[in-house]
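The structure under discussion appears below in the form of structure tokens.
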There are 2 protein chains.
Amino acid sequence: MSATIKDIAKLAGVSHTTVSRALNNSPLIQEETKERIRIIAEQLDYTPNYNAKSLVLDRSYNLGLFFTTLSNGTSAGFFYEAIRGVNSVIRDRYQLIVKGIDDYTSFHSITKKSFDGIIIVSQSDDDGPIIEHIANKGIPLVVLNRPVDTAGVLNVLSDEEQGAFHAGAYLVNQGHKKIALIEGRKGFKSAQNRKAGFERAMEHYGISIPAAFRMPGLYDLESGHQAMQQFLSLEERPTAVFCCNDEMALGAIKAVFEAGLQVPKDISVVGFDDTVFAAYVTPALTTVRRPIEQISKEGALRLLGNIENKLHTTEQVLLRTELIVRESVQLLQA
Amino acid sequence: MSATIKDIAKLAGVSHTTVSRALNNSPLIQEETKERIRIIAEQLDYTPNYNAKSLVLDRSYNLGLFFTTLSNGTSAGFFYEAIRGVNSVIRDRYQLIVKGIDDYTSFHSITKKSFDGIIIVSQSDDDGPIIEHIANKGIPLVVLNRPVDTAGVLNVLSDEEQGAFHAGAYLVNQGHKKIALIEGRKGFKSAQNRKAGFERAMEHYGISIPAAFRMPGLYDLESGHQAMQQFLSLEERPTAVFCCNDEMALGAIKAVFEAGLQVPKDISVVGFDDTVFAAYVTPALTTVRRPIEQISKEGALRLLGNIENKLHTTEQVLLRTELIVRESVQLLQA
DNA sequence: CACATCTATGCACACGTTAACAATAGTCTT
DNA sequence: AAGACTATTGTTAACGTGTGCATAGATGTG
């Protein structure tokens with residue numbers, strides 16, 4: 001149906017090789033010949049067949065963007081920002097293939113032929129195997145959002161431990177001493193890091209966390225809600241709660257209101273992620289902002305650098321988080 | 001580097017044709033031969049080169065998933081649910097290529113060779129040209145989320161007019177008579193439909209909407225916030241506000257609280273979309289649920305049907321919206 | 001047994017592109 | 001003017017796979 005370089009060649013009275021060279025702007029071809037060929041190509045509405053190109057050039061023009069899961073546990077905002085960030089970098093140059101790692105029954109089909117490079121937005125330790133598979137196949141790779149120690153892998157992430165530390169320190173500086181923690185989804189590295197940063201802050205300020213002040217969570221609204229209900233039922237309630245993400249913080253705030261109490265007057269809440277709606281909730285949520293879009297941009301940029309210069313750079317890049325102070329934390333009198 | 005059918009052929013002592021047939025489970029090949037070849041393929045960790053396959057079979061194994069824009073105006077939850085829905089249907093069979101239509105400088109590269117089918121999640125009338133381009137090229141296509149009249153195009157969407165009608169009717173049935181409207185982003189079909197449904201409800205119940213009770217919006221939190229501030233500054237305030245999406249509803253609620261008033265006691269608010277956080281905001285938001293994930297599933301399913309049976313079905317499928325009653329609407333005494 | 005039929009496999013080519021090498025004509029050098 | 005060099009184009013093969021047609025052997029049939 002669609003025109004090929006051979007069709008153009010016939011019309012131009014040259015060989016298809018000449019057409020190929022002309023359209024690739026080879027210096028071997030005379031300028032007027034090129035121009036003549038370009039015009040004919042235009043007229044025929046010629047589009048190169050990328051499958052044929054790929055076959056001979058051994059490039060797919062595909063970039064994989066893999067998430068730990070698409071089905072559950074990935075927050076919508078996170079997902080969106082990551083795709084946006086990557087997309088803004090690659091634009092026309094590559095096609096972006098989005099997949100959930102848990103959709104793969106076998107990594108068999110992930111080959112150097114089908115992906116020029118792969119970006120993994122990793123949220124779980126379980127991603128280890130696929131990372132190794134890709135690294136072994138020699139496919140250029142960057143892992144975002146989670147630290148990874150496989151050799152020869154680019155790694156871009158935010159310093160969440162640091163972010164959680166700041167959030168904890170902030171609570172202490174606002175006069176809080178009875179501070180509780182709602183943890184993130186088990187197995188997610190982010191859950192560990194945020195918890196670790198928070199604990200380091202508490203330790204740093206000499207504040208201990210009683211067992212009753214710790215609740216597990218699943219990163220969703222429901223679990224934040226339940227955890228806060230637990231805290232509220234305690235004899236001695238915390239004055240502040242650090243939630244390992246915003247969604248849980250929302251659930252927690254809801255529980256406070258349901259109990260007839262106020263945030264931040266009766267209890268302060270801090271989140272993590274600075275989700276789009278954090279600013280508009282009542283009260284506006286004090287939270288830690290991860291620069292996800294920036295991480296994805298940075299990651300995509302470095303990956304493309306590696307691909308196009310045939311390098312194998314392998315570094316770990318940590319990007320700063322930022323504490324966004326809003327209205328959900330009360331300043332306590334000493 | 002990686003093994004090809006020719007490598008397998010040598011080891012098996014057959015021609016590459018036989019290998020090709022065996023691996024495609026052709027009935028022409030003896031069962032034992034097939035088995036022998038399969039084992040060798042397994043040992044060599046053979047993966048078919050999809051570029052070569054595509055070239056000869058004239059199929060790309062690619063499905064395009066195009067959004068009106070990735071940069072702005074698309075809500076994260078919407079985006080996420082759409083990808084999830086489609087992804088759950090296609091699984092291994094196709095690669096999902098995600099793009100923003102506004103990233104295309106030219107549709108030239110969208111050809112039958114590079115996409116087996118395309119799903120457009122359309123949010124704007126501006127998507128007309130690309131829809132026509134794709135339809136002209138004869139690429140199987142389904143347009144989601146927005147009605148489209150181009151011939152030969154599958155179309156799956158929710159009946160938003162109906163949804164908005166119900167929301168409006170509900171407000172009236174709860175005793176409201178002074179009802180205001182915050183509109184959606186101009187140019188988005190959804191904005192028109194929601195407005196139309198709401199207006200039809202008002203008309204149906206013989207309620208008129210004064211000009212001061214209409215405010216434009218941009219589907220974002222900020223614009224909802226501003227619009228509600230306007231309403232609150234009126235001499236005669238509305239008792240209820242219908243917001244064309246949840247994000248604006250959140251902004252509106254925030255404005256109410258800032259003015260020292262309560263939702264729903266002093267003013268009722270209804271949203272549209274049932275975003276993930278709608279249930280956990282305070283007060284929990286009464287809203288209209290669009291079955292986006294279901295729309296995407298349904299759309300993907302029908303598209304695959306068309307592709308694989310070489311059909312050209314062209315229907316418009318309307319999926320029901322659902323009014324989710326929560327806490328943001330007050331029952332007024334007659 | 002001669003012929004037709006069926007089964008399993010191979011040969012050769014095609015898909016659309018790029019690239020190594022060959023060929024031709026023109027230009028320069030001495 | 002012969003040889004060397006340059007600029008431009010063509011010839012041919014290659015990438016990995018699938019398929020129409022030919023082929024060879026086995027089986028059936030009257």
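Treat the numbers as computed from the prediction; the structure is a model and nothing was measured. Quick note on labels: first sequence line is chain A, next is B, and so on, each numbered from 1.
- Nucleic acid contact for A:Tyr46: sugar-phosphate only, since backbone atoms but no base atoms lie under 4.0 Å from a heavy atom of the residue.
- In this structure, A:Asn24 reaches the sugar-phosphate backbone alone: every heavy-atom distance under 4.0 Å involves primed, P, OP1 or OP2 atoms, never a base.
- Phosphate contact (OP1/OP2 of C:dT18, side-chain N/O of A:Lys53, threshold under 4.0 Å): present.
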Give the intermediate values and the outcome of side chain to side chain contact (heavy atoms under 4.5 Å, CB included) for residues A:Arg36 and A:Val14. CA-CA 11 Å; A:Arg36 191 159 45 97; A:Val14 297; 4.2 Å; yes
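- Taking every side-chain heavy atom of B:Leu28 into account, C:dT9 is the closest of D:dG16, D:dG18, C:dT9.
- For D:dT9, the OP1/OP2 oxygens have a side-chain nitrogen or oxygen of A:Gln30 closer than 4.0 Å.
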Audit row: A:Tyr104, A:Phe66, ring-ring contact (aromatic ring centres under 6.0 Å, His included) steps and yes/no: CA-CA 10 Å; A:Tyr104 277 111; A:Phe66 297 172; 5.7 Å; yes
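- At a threshold of 4.0 angstrom between heavy atoms, the contacts of B:Thr18 are confined to the sugar-phosphate backbone, with no base atom among them.
- The distance from atom CG of B:Asn51 to atom C1' of C:dT17 is 12 Å, rounded to the nearest whole Å.
- When rounded to the nearest whole Å, the span between NZ of B:Lys113 and C1' of D:dT17 equals 15 Å.
- In this pair, B:Phe79 and A:Phe79 present their aromatic rings tilted. The plane angle is within the 30 to 60° band.
- Whole-Å rounding puts the B:Arg59 CZ to D:dG18 P distance at 12 Å.
- Nucleic acid contact class of A:Ser54 (heavy atoms, under 4.0 Å, all strands): none.
- Between A:Val56 and B:Gly13, the residue anchored nearer the 5' end of DNA chain C, judged by the nucleotide with its closest heavy atom, is B:Gly13.
- Taking atom CD1 on B:Ile5 and atom P on D:dA14, their separation rounds to 16 Å, with Å as the unit.
- Using a 4.0 Å heavy-atom cutoff across all strands shown, B:Thr17 reaches at least one base atom of the nucleic acid.
- Rounded to a whole Å, the CG atom of A:Asp58 is 17 Å from the P atom of C:dT17.
- Looking at the side chain of A:Ile29, the nearest of the listed nucleotides D:dG16, D:dT9, C:dT9 is D:dT9.
- Considering only side-chain atoms of B:Leu55, the nucleotide from D:dT17, C:dG16, C:dT9 that sits closest is C:dG16.
- B:Tyr94 and B:Tyr61 have their aromatic ring centers separated by at least 6.0 angstrom.
- Counting to the nearest Å, the P atom of C:dT18 and the CD1 atom of A:Ile37 are 12 Å from each other.
- A donor-acceptor contact under 3.5 Å is formed by the side chain of B:Arg21 with the base of D:dG20.
- Going from atom CG of A:Leu318 over to atom CD of A:Glu160 covers 10.0 Å, rounded to the nearest 0.5 Å.
- Atom NZ of A:Lys6 is separated from atom C1' of C:dT17 by 9 Å (rounded to the nearest Å).
- Phosphate contact (OP1/OP2 of D:dG16, side-chain N/O of B:Thr4, threshold under 4.0 Å): absent.
- The CD1 atom of A:Ile292 sits 11.5 Å away from the CG atom of A:Leu319 when rounded to the nearest 0.5 Å.
- Among the heavy atoms of the strands lying under 4.0 Å from A:Leu57 are primed sugar atoms or P, OP1, OP2 only; no base atom is included.
- For the OP1/OP2 pair of C:dT17 and a distance below 4.0 Å, the side-chain nitrogens and oxygens of A:Ser20 include no atom meeting the criterion.
- Put simply, CD on A:Glu32 is 11 Å from C1' on D:dT8, counting in whole angstrom units.
- Side-chain atoms of A:His16 come within donor-acceptor range of the base of C:dT18, with a qualifying N/O pair under 3.5 Å.
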